[in-house]
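This chain uses plain numbering: 1 for the first residue, then up along the sequence.
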Amino acid sequence: MLIRSFILIAFVSSLNLRKELGSLYLTEGEEYELPLSDYFSGDNLSFSIADINMTNNSARIENQCDFHHLSTTPYEKQEKSWPSWDAQPIVMWQDKKVQAIVGFNQNYLAIYKFSVLTEETKLIWSTTLSTEHKNSQIQAIAQLRASHGDYCLAVLIKQQESNGLWRNDIYMIKMQDNNIFHDPEKLNLNEITYASKIVMGNGSSYKYFPIYCEFHKNSSIPNVLYIYGISNFQEPILVQAISNYEKIASMSSPLSIRSILKAAQHMHILDSNYGVISFYKTWPLEIFEEELNINLSYFGELYSMEFTDFGKMIVKASSGIILIERAGGTLGLRRFWKNPEKDIWIQGYELQNYYFLQSTSGILSIFSISKENQVEVTYKINLKSLDNHGDRNIPHILCDREKNSYYFQRFEEEGLKAYRINLKEWKLRIVGDLFYVKVTAKDYDSQEISDILNVISIPKNSDKIFALEEGRLKVPEPIDLWISEKNSMISFSPSTYFSGPNLTYEFIFPLSEKFKYEISNLTRLELEENITSPDGLRNFLVSESIFYYFYDNKIDLEGINYFRITLNITNPIKMLENGGYYAVYSSPSENIFLISTLLPDTRTMKLLEEMESEIDCMLFYFYNNWLLCGNSETINIYNWSGFWKKVFSLTEIMDQINFKLEIVDAFLNKDNGFIDILDRNFGVFAINMSEKQISIKFALKTKGIFKILILEERKMGFIYKDKFEIYNYLFQLEKTIFFKAVGPLTNAFVHRSIIFIQIGAIFYVYNPSLLSHDALVYSFEIQDPGIISCGWYRWNELLITNYNPDAKLIEIYKSSFPSKKVFPPVYEINIIADDIDSLQSSWYQENFSVIAYNAHDKMEANFSLLLHVDGNFPWIENDKLVIHENLPYNNRFEVDLGDSFHGQYLNMSLNINGININDQTSEILPAFIPKRVEVVGEHQAKNNWMKDQIIIPRTEIALIVSENGFLFVNSTGFNDEKKLLNISEHTNLKKLTCSLVESFPHTITNLSLIVTSCTYRASSDHLFVETVKEFALENALILWEIDFIGLKITNYSLFSIAAGPWCLKIAPLTELDFELMVAMGDNVISDYNDVLRFRGKWIENLISIQLLETINFLSLDVPSFSPVSLDYKVKNSQTSYWYLADKKYGIRVLETSNNQKSHLVGELPYLHHHNYFISFGICGNILYVSSSLSAIVSYKIKDYIYFEKDSDYNVLKGSEGIYIGAHSPIICSMDNRYFAVHTFNSKSLFLTIFDTKSQSNSNLYPNFYLSLPNFAPAVLKTRFITENEISAIFYSSFTYKRLKVNQNSLIFPSMYKMEYNEMISKWGTENFSITISAENMNNAVNSSIIYFTREIDSGTLAQSNLLDFTYWLIKFLILIAILAVFAASVNFAKRIGSKHKIVQAYFDEKALKA
């Protein structure tokens, strides 16, 4: 019976045309499928076509779904019949091809088995549970699984005692794979006996069994989750009782568990008051402890939770469907689909992208997810149309991936019924012809949208060349290439622009003064070498990096690593390899040998067994321990299980076939237990390995087949004299490709999915994945062809061998490929930067042309090549390097080298009077170039892992958040005294550790306010049977009031949060008020995350903070929301603007005002989804955005919400490309001159610093970088703290550093008379010549020689003498100050102890500076 009671269902998307159908070029008679979902989007679409000038059968719409009733299995006894049945479906066996359906009626229970292979349902076991009281009823069933593969059913039964009370009992029924069921055993669980509601854990192991209980309102027992140890059914042990969640302080309501899922060492529960909470089993205590949670309360009421086929959790809520994934140590919300209909059950198959949903109204909805993450191609089956109780019983869906079919069973009035649903995408199937067809899409509201497809026919075997890709007109687009070194390579495939058979290409490059071009064909098949065949060689083959030499009495294997193994076998004919085993057939002795390879290093093999084949093996097939030997009369089937065993023979069955077979090959349909036999005359028949039967699957409709080939992905190629047809494993015709044979076919063979057709000495290479007009990718000729074989050698070399026995010669032809999947010709273009000294622009445009031709046609196309240089080759403008000849020694002069030297990552050096200067900071140099980055403060903290750091406002004190507390250091000192503050002692919070830190920029007298994200051990109210010392970690935000003089905590305020944040930002609104944003969740795996928005006020000794809102995709009304970076701008004391980089969209701008809800006011979406934003930073009114292509774009911010593009920056460096670290914020100096971003390559981590004053052709280069001794970007925390200073921590070395960024300048220092005399004494002259060099890994440039004199200016001689007197006076005063400070510090230390040495060092330094 064919049932068509399904209708389409509405979810969220709107009717839209994604892209025009346009024109499609097809070969005459070629069939082509057009997925309509690529062109139309909308709710529950149906499609129709209208003829314009279409010929018969030129186009048709393929239906999406058919729904079949397969079978009805009557009930065992009439008294056990409908309507008092309920069901619990369970997939019991690991192969997922068989499932058990457990049905129950009062205290009667029956188990049915359904097989996908046979599509049959059988009753395999039933029982009636004997209970103490007559009034009893089974309530629910849970499945438990043992480690050794056995299963167990936990049956919850409720029965009424004589006193009127209802009690609960649980029975265990063990079952094994061979359908052996044990008698039910009752568990003695006193705690659950009188619970009013029970939820049992599914998927649990025998060892642990969670049961959730709710009790009557007047009971004193709280809602509790019991976890029992049930290794011994007779003596269950209560291991743990959980009555509240330790890590969710914000949840004050009692437990309300709807679902419990158990997987390995984890337990996941759905609590309707909160969301999903995950537990893990600790060791060695073996109790379950809270690990992760995710708040789903804002999705409305939470109904149920199930696992998908990929182990993700799918939750049904009143507002829609939520997909949860556990990955990377977090629970992430992966998807959400709105659906207002109330549903009771859901099941998901992510691999096929289908989800099944049953509502309380008896509607089974089937939906899939579009590329835009919207619910689209969806079905609805009205289960009430099948019987009158469609709203009651839950079906179970079982997926057969091979056929894209789904099965489900339901208890109905007549019995247990099984159904099959075949799901297909809406497709337009067309046949190559000349016509127009109008396609109309209609949604559930009868809204329509139409478009016209123009099909243009290409004659069969046409040699005409078109500008097409996949049948669509293609216009060449500019090709971008970053020239990071002198030689740069780019791969280019002309087949993406030209369409035609057997094409050859010619490249024409321009005559350029700056660049030269070299071209090579990576895929050209060329003769690699000739080998004289050894004496007695009968055959020679190559396959998967091994050469095979067949002799009369042996086989030699020569491998890629130059090993050679000899097999002593008489008259070998055929050999097959599978999983390290070789099956060899020899004739005429008709013996079969099984040989095993030993360890590769031993380079030996072992003969396992030899047996007689009984017949001549015209068919010889070996796979997964199965071996077939067959001829036209019979097929013998063997199995290897330590020895060969003949399983069965098909002699009698073959006699039933009236004509002789000409078997050519076979392959195993491993997922459905059939071996398919391919016969040249008959077609395909299949052997059912379990039933030992043969079935006809496919019969050839036409005669004249030349050969049958087996392709990859279990497809077959049927070769005819003028075409070949490609069939899938279901023997459905997928494609027909025509070819023009210039003579009789000599041979046809296949390697992977590439088909080789031989006609005489010419070999034609076809790629059947392409359209028919493009399928012939090239041809080659082999003189005197003999035995031909082909295989991949190493990884990307295709070898074709020709063994000519008469000439005693083996020819090996080789073709290199970028990858095994690329078969059309691929060329490699080498661009050589010829005149690197002249590359002074940011980019250059070069044009070249490609001519495609074959024997009958020719076409030329022009291409634009954009070569991005971006300062990778340094250059100099000497005319801008101006230095005065006479420079008085008592004056300081500075020359900005950024005006004359240009390029990325420049290392500057100086040569004075022919001497290279290494120490460029010496006071006796006439001139020097300061280091771009110098260390001005450093501290080591061994065995104290540093996590984050700030400089306390108005001080030079660095507060470092470490695993042991707060570490205070003098940021400008070197290994000075440090103070470690144990924050746990100040808060009485156990094991308190913090990670992120931010500071409020204002201070109150000697007080500062900072905010940290922290974890601590919470006290537990769990009822444990055993004493447990360790409890779960609690997450919190803690605001600290710090006395930066006494270096102590004066006050703190704690706010509990659900999980640890990855980012904090605090925006000052006034000197007392602030706004705090806290980014939560995992922005790597999840597309839906929260940002918590707080408002706070700080008055001395009083900190108040209030959570105003949780910002997420629901509050913003956007499809998804997962910020990867955030920053802010404050407008006034009431209003601020927050900028968030949403990883799936771009920049979103939120306006916040007072206590009102934030709202979206601006955006900067991605231009291209393949170049998405990964981080950003705001410097004044400039927004710097880093992208996945390692580029930075700057935008001017106007009126807070508008963006105007300013400049592009490239951070690539040489052949070792530098990439921007994901989610690493861009930091800015206080005056916005410098900005920096974390970058890395395969060897190291960098801090790439941009100097916005160094400008060339409107493009800024990162003209220097700081190399850091770490790799992972996540282990580095850096901040600009002044106009040119950075504070940084290095996790791996437990090191803090304060770094100074110097301007790229040539400095002529001011000197005192004494210093000047020392300089003259050293150099012997006051006249100097200098040369400045700038170098990176590609090139070095030198300035012209510059002459200057450091002389005494007579006009300033008196001033010089005064300066000398001042010089000595200052030294004397400094000495006096040091003595005074020393005396004061001793007195101070006596009064307050040695704890405050770092503060004293701070004031000492201030005194010195004064």
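Checking Asn964 against Asn944 by side-chain atom types alone, a donor-acceptor pair falls below 3.5 Å. Using a 3.5 Å distance cut-off with no hydrogens or angles, the side chains of Gln940 and Thr1295 do pair a donor with an acceptor. Of the N and O atoms on the side chains of Tyr274 and Asn295, not one donor lies less than 3.5 Å from an acceptor on the other residue. Remark: the Ser1175 side chain and the Ser1186 side chain contain an N/O donor-acceptor pair separated by less than 3.5 Å. Checked by atom type, the side-chain pair Lys1129/Asn1181 shows a donor-acceptor distance below 3.5 Å. Counted by atom type alone, Glu1151 and Tyr1137 present one or more donor-acceptor pairs between their side chains at under 3.5 Å. Side chains of Tyr245 and Asp271: a donor on one and an acceptor on the other come within 3.5 Å. A donor and an acceptor atom, one from each side chain of His1238 and Thr1278, are located under 3.5 Å apart. Under the 3.5 Å distance criterion, with hydrogens and angles disregarded, a donor-acceptor pair is assigned to the side chains of Gln949 and Ser1287.
Ring pair Phe1294/Trp945 is perpendicular by interplanar angle, where above 60° counts as perpendicular and below 30° as parallel. Taking the six-membered ring for Trp and thresholds of 30 and 60 degrees, Trp1138 and Tyr1128 have ring planes inclined between 30 and 60 degrees apart.
When the side-chain hydrogen bond (donor to acceptor under 3.5 Å, both in side chains) test is applied to Asn1006, the partners found at least two apart in sequence or on another chain are Asp1043. In this structure Asp1142 satisfies the salt bridge (charged side-chain N to carboxylate O under 4.0 Å, His left out) test together with Arg1148, sequence neighbours excluded. Lys1300 is linked by a side-chain hydrogen bond (donor to acceptor under 3.5 Å, both in side chains) to nothing, counting only residues two or more places apart in sequence or in another chain. In this view, Glu1285 and Arg1298 satisfy the salt bridge (charged side-chain N to carboxylate O under 4.0 Å, His left out) rule, not counting sequence neighbours. Contacts of Phe1280 classified as ring-ring contact (aromatic ring centres under 6.0 Å, His included), with partners at least two apart in sequence or in another chain: none. Shown here are the ring-ring contact (aromatic ring centres under 6.0 Å, His included) partners of Phe1000, two or more places apart in sequence or in another chain: His1002, Phe1074. Thr1003 meets the side-chain hydrogen bond (donor to acceptor under 3.5 Å, both in side chains) test with Arg954; sequence neighbours excluded. Residues forming a side-chain hydrogen bond (donor to acceptor under 3.5 Å, both in side chains) with Glu1041 (at least two apart in sequence, or on another chain): Thr1050, Trp1098.
With a 4.5 Å cut-off on side-chain heavy atoms, Thr1252 and Asn1232 do not count as touching. In this structure the side chain of Ile1178 never reaches within 4.5 angstrom of the side chain of Tyr1184, judged on heavy atoms. Residues Lys979 and Leu981 have side chains in contact (heavy-atom distance under 4.5 Å, counting atoms from C-beta outward). Under the 4.5 Å side-chain criterion, counting only non-hydrogen atoms from C-beta, Leu996 is in contact with Lys1277. Between Leu1116 and Phe1121 the shortest side-chain heavy-atom distance falls below 4.5 Å. Using a 4.5 Å heavy-atom threshold, the side chains of Tyr280 and Phe288 count as separate. Within the 4.5 Å cutoff, the side chain of Ile242 has heavy atoms near those of the Phe279 side chain. Residues Ile957 and Ile951 fail the side-chain proximity criterion, which asks for heavy atoms closer than 4.5 Å.
Formation of a donor-acceptor pair under 3.5 Å by the Ser1115 side chain with backbone atoms of Asn1112 is found in this model. No donor-acceptor pair closer than 3.5 Å links the side chain of Tyr1088 to the backbone N or O of Phe1113.
Pairs engaging residues 1092-1103 under the salt bridge (charged side-chain N to carboxylate O under 4.0 Å, His left out) rule: Asp1073-Lys1097, Glu1075-Arg1093, Glu1075-Arg1095, Arg1093-Glu1109 [sequence neighbours left out]. Pairs engaging residues 1060-1070 under the salt bridge (charged side-chain N to carboxylate O under 4.0 Å, His left out) rule: none recorded [sequence neighbours left out]. For residues 994-1009, the pairs satisfying salt bridge (charged side-chain N to carboxylate O under 4.0 Å, His left out) are Glu998-Arg1279, with sequence neighbours left out. Every pair passing disulfide (SG to SG under 2.5 Å) that includes a residue from residues 960-1008 is listed here, sequence neighbours excluded: Cys994-Cys1014.
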